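Note that the coordinates shown come from a computational prediction; the quantities given were computed from them, not determined experimentally. Just so it is clear: chains get the letters A, B, ... in the order the sequence lines come, proteins before strands, and each one is counted from 1.
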Amino acid sequence: MEANEYLSLLNPEQKESVVHSGEGSEDLLILAGAGSGKTRVITTKIAYLISQKHVDPYSILAVTFTKKAADEMRERAVRLEPKAQYAQIRTFHSWGAYFLRKYHSEASSYFKAVYGREGISGVDSNFTVYDDDDMATLVSKAIPSIPKKETALIAHKISLAKDYGLTPESESFSEIDAGEEFREQYALYEKRLRQTGNVDFGDLILIPYLVLKNNAEIRHRTHLRYRYVLVDEYQDSNRVQFLLLRELAGIEEKAGVYICVVGDDDQSIYKFRGAEVQNILDFEKDFSKPRLIRLVRNYRSTPEILACANSVISNNEKRLGKTLEAQKKKGKIPVLAYLPNQDDECDFCSDLILNAHEKGVPFSDWAILYRTNAQSLGFESTFLRRKIPYQVVGTLKFYEREEIKDALAWISFLANPKNEIAFRRIVNKPVRGIGAVTQEKIVEACAAKSILENARSVKISKKASEGLNDFLSVAEELLSMLPSNAAEDEKSAEEKSDKEKKSAKKLSDFVDALSKKSGLEEFHRSQDEIAGTQKVLNLEELANSAALYPCTMEGLLEFLDHIELDRSLEDESSDGTDRVTLITLHNTKGLEFPRVIITGLEYGVFPRENKSGEELEEERRLFYVGITRAREQLYFTSCASRRMYGQTKYMSPSPFLSEIGADEMRVVGDMPSSMQGDFAGENAVDPVAKKWRVGASVFHDDWGPGIISSGRMSEGEYVISVVFENGSVKKFLPKYQKALILIED
DNA sequence: GACAGTGAAATTTTT
DNA sequence: TTTCACTGTC
């Protein structure tokens, strides 16, 4: 396609975003609302830079957060401009992995300087990436005094520290609410991890940042290489990603690297994972002469849907501010249904879907959105009963399955025999008589050395040594199946895989052999027979997915990177079957559906209880994301009572619902007041309780505005808890309370 | 090391 | 209510 052709498809703001290319060292922030054609802009921009500005595609780096988004971006950019295939279009983490493999020895030198040389391996060229579970295991091995159940907590905290760009040497951990005790734990973990030569997820960003920051030569080379850096979904970037971007930009040395970020502050929903809305709010402050372009024309949803979205999000204070403008013709007004309980909610959704289906609306037009995974259960059983085909998105993911983790542990161990976590996972599975004590001995003796090469010289019991021999010979046998093509190291990874795909043996045969020889297949086959699972099938699936890679050590590493850096592997059921989608609100980001039902709109469910201030704003953004997924029709459901943890709880409508104007939606059913008398006897209607209902807004003379988070009868008195905007929670007896007033809405 | 029995806990989760 | 992690027994 010619440039003027694809540019003519854009609206003025989109076009401006595309042609802005940083003359006069200006950077660019594109504030792209939901459904405003963001991906089109970024892909067109890549094509435009190459074909019109004659930019070498090799010098373009475009990063996204998910594999799916990266694939889509590459595909669409290449369609516009074939040379875009030579640009680096990938996820933040996969770029980090690429960078680390390239500069592993510089990274290792950095760590040797920090920790001293003894027993430190740093980052190996053939490192594998530890996931959360692996991290927790490593924590418990690095700090044996820690109780098992706290390891995951500490691992999480370490992840968070890395997301904030903090190392054990950092001055303070106040940003992540941790202190000196944490510093010691973090340091022990790091030392242990550096012994293995492997990295965790956080390292994929943190270490490239540290290397760039501390190594002027590499920084310089990198500035020469990447002249144009584009970041998608910038609102989801965390602190360390921001720091890395600053190094890539080379602001201080005036490297002249063009930075363009695209994002939507209103769709930032990953604060709990370290994402910083502040990054996008501060962009204009942090980068050079930045230009801000707003894309607010929405091509996805009807004006009625956008009116709701705009009303809701305008209640947030921390935002750059924008109002979506509908480009579609008028449609149907959104519907809010007040329902007695969650069974009625399931039936209401089923009725909607089945009625529409009779009129020819496919099941796949529908998506049921909910706040927590547990809420899918009711829908699943109802849909099963009423024969509505459905798919649940993002529950047990492929890579989280035991058998897959086992096979991957084998692969990781072969790639890097210093990987103690992988070793521990597989050495005694199936049982080889190598218990925890023996494992400990072996790992201790082989610290920072190849377990494969050194394990035989460790003194262990006779029984264990037989098992170990068995294990090691399987590993050696498997390794011998993998020729290493060191001679071809000079070639770039892309070039190499292309060639080898055609000629060499497939890696799938290797993975298949691995399942069999390791005993994993047999082990899981017997599990399948007991539990009726399909673990063996999954192992075969894994082998299949390796078919595209050559049967070499390099192919193995590529395959590992692909698997490890794409934990969002599609559910196998994403074939063309016509079915309803059940999905958490978080998982809907980037998706759209003709008909959307947002369920469980009750205080305590959505928003979750005790949310206030910034946290409440994030919940509101989540609601906004949900609303803007809908193309044609939007429904809300809110239940008067809900079974939670085995008890029936009486619910109040979500405060978010009152943020939508009365004329912006149609209400069906009766809005419940708290403790309604439907269920005679148990909960007599107390007029005080009715007035001071859960979810209502209040104002306190000393504490300011707040929301009633719970209310119950205690010794004949109605007691409420109020969450104030500063986060504090207070209890009151409203009957006698004078400083507290109710704000009617 | 497998298993039943007990008790505490119960968000969201790109990589 | 359900789930999962831990405990003690065989």
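Between the CG atom of A:Leu369 and the CD1 atom of A:Ile598 there is a distance of 5.5 Å, given to the nearest 0.5 Å.
Distance check on atom P: B:dT12 versus C:dA5 gives 15 Å, rounded to whole Å. Using P as the reference atom, B:dT13 and C:dC4 are 16 Å apart when rounded to the nearest Å.
Side-chain atoms of A:Val431 lie closest to B:dG1 of the nucleotides B:dG1, B:dT11, B:dT13. Comparing atom distances between the A:Arg371 side chain and each of B:dT12, B:dT14, C:dT1 picks out B:dT12 as nearest. Checking B:dT11, B:dA10, B:dT14 against the side-chain heavy atoms of A:Asp236 singles out B:dT14 as nearest.
At the phosphate of B:dT14, neither OP1 nor OP2 sits under 4.0 Å from any side-chain N or O atom of A:Asn238. Checking the phosphate oxygens (OP1, OP2) of B:dT13, a side-chain nitrogen or oxygen of A:Thr584 falls inside 4.0 Å. Listed pair A:Asn373 / B:dT12 meets the phosphate criterion, a side-chain N or O lying under 4.0 Å from OP1 or OP2.
Here B:dT13 presents its P atom at 10 Å from CG of A:Leu622, a figure rounded to the nearest Å. For the pair A:Gln267 CD and B:dT14 P, the computed distance is 16 Å after rounding to whole Å. Atom NZ in A:Lys162 sits roughly 20 Å away from atom P in B:dT14 (whole-Å rounding). Per the geometry, OH belonging to A:Tyr645 stands 14 Å off P belonging to C:dT3, to the nearest Å. Look at CD1 on A:Ile434: it is 10 Å from P on B:dG1, rounded to the nearest Å. Spacing between atom OH of A:Tyr370 and atom P of B:dT11 amounts to 14 Å, rounded to whole angstrom units. Rounded to whole angstrom, the span from the CG atom of A:Leu153 across to the P atom of B:dT11 amounts to 14 Å. Atom CD in A:Glu402 sits roughly 13 Å away from atom P in C:dC4 (whole-Å rounding).
Contact annotation for A:Lys611: base contact, defined as any heavy-atom pair under 4.0 Å involving a base atom. Heavy atoms of A:Asn428 sit under 4.0 angstrom from primed sugar atoms or phosphate atoms, though from no base atom.
Judged purely by distance below 3.5 Å, without hydrogens or angles, the side chains of A:Asp406 and A:His524 pair a donor atom with an acceptor atom. A donor-acceptor contact closer than 3.5 angstrom links the side chains of A:Asn198 and A:Tyr130.
Between A:Phe623 and A:Phe636, the ring centre distance stays below 6.0 Å.
Along DNA chain B, the nucleotide closest to A:Tyr270 and the one closest to A:Glu615 are compared, and the more 5′ of them pairs with A:Glu615. If A:Lys589 and A:Gly435 are placed on DNA chain B by their nearest nucleotide, the residue sitting closer to the 5' end is A:Gly435.
Looking at A:Ile426 and A:Ser518, their side chains never come closer than 4.5 Å, going by heavy atoms from C-beta outward.
Legend: residues meeting salt bridge (Lys or Arg N to Asp or Glu O under 4.0 Å) with A:Lys318, ordered by chain and number and at least two apart, are A:Glu614.
Applying the 5.5 angstrom centroid cut-off and the 30 degree plane-angle cut-off, the aromatic ring of A:Phe272 is not stacked upon the base of B:dT13.
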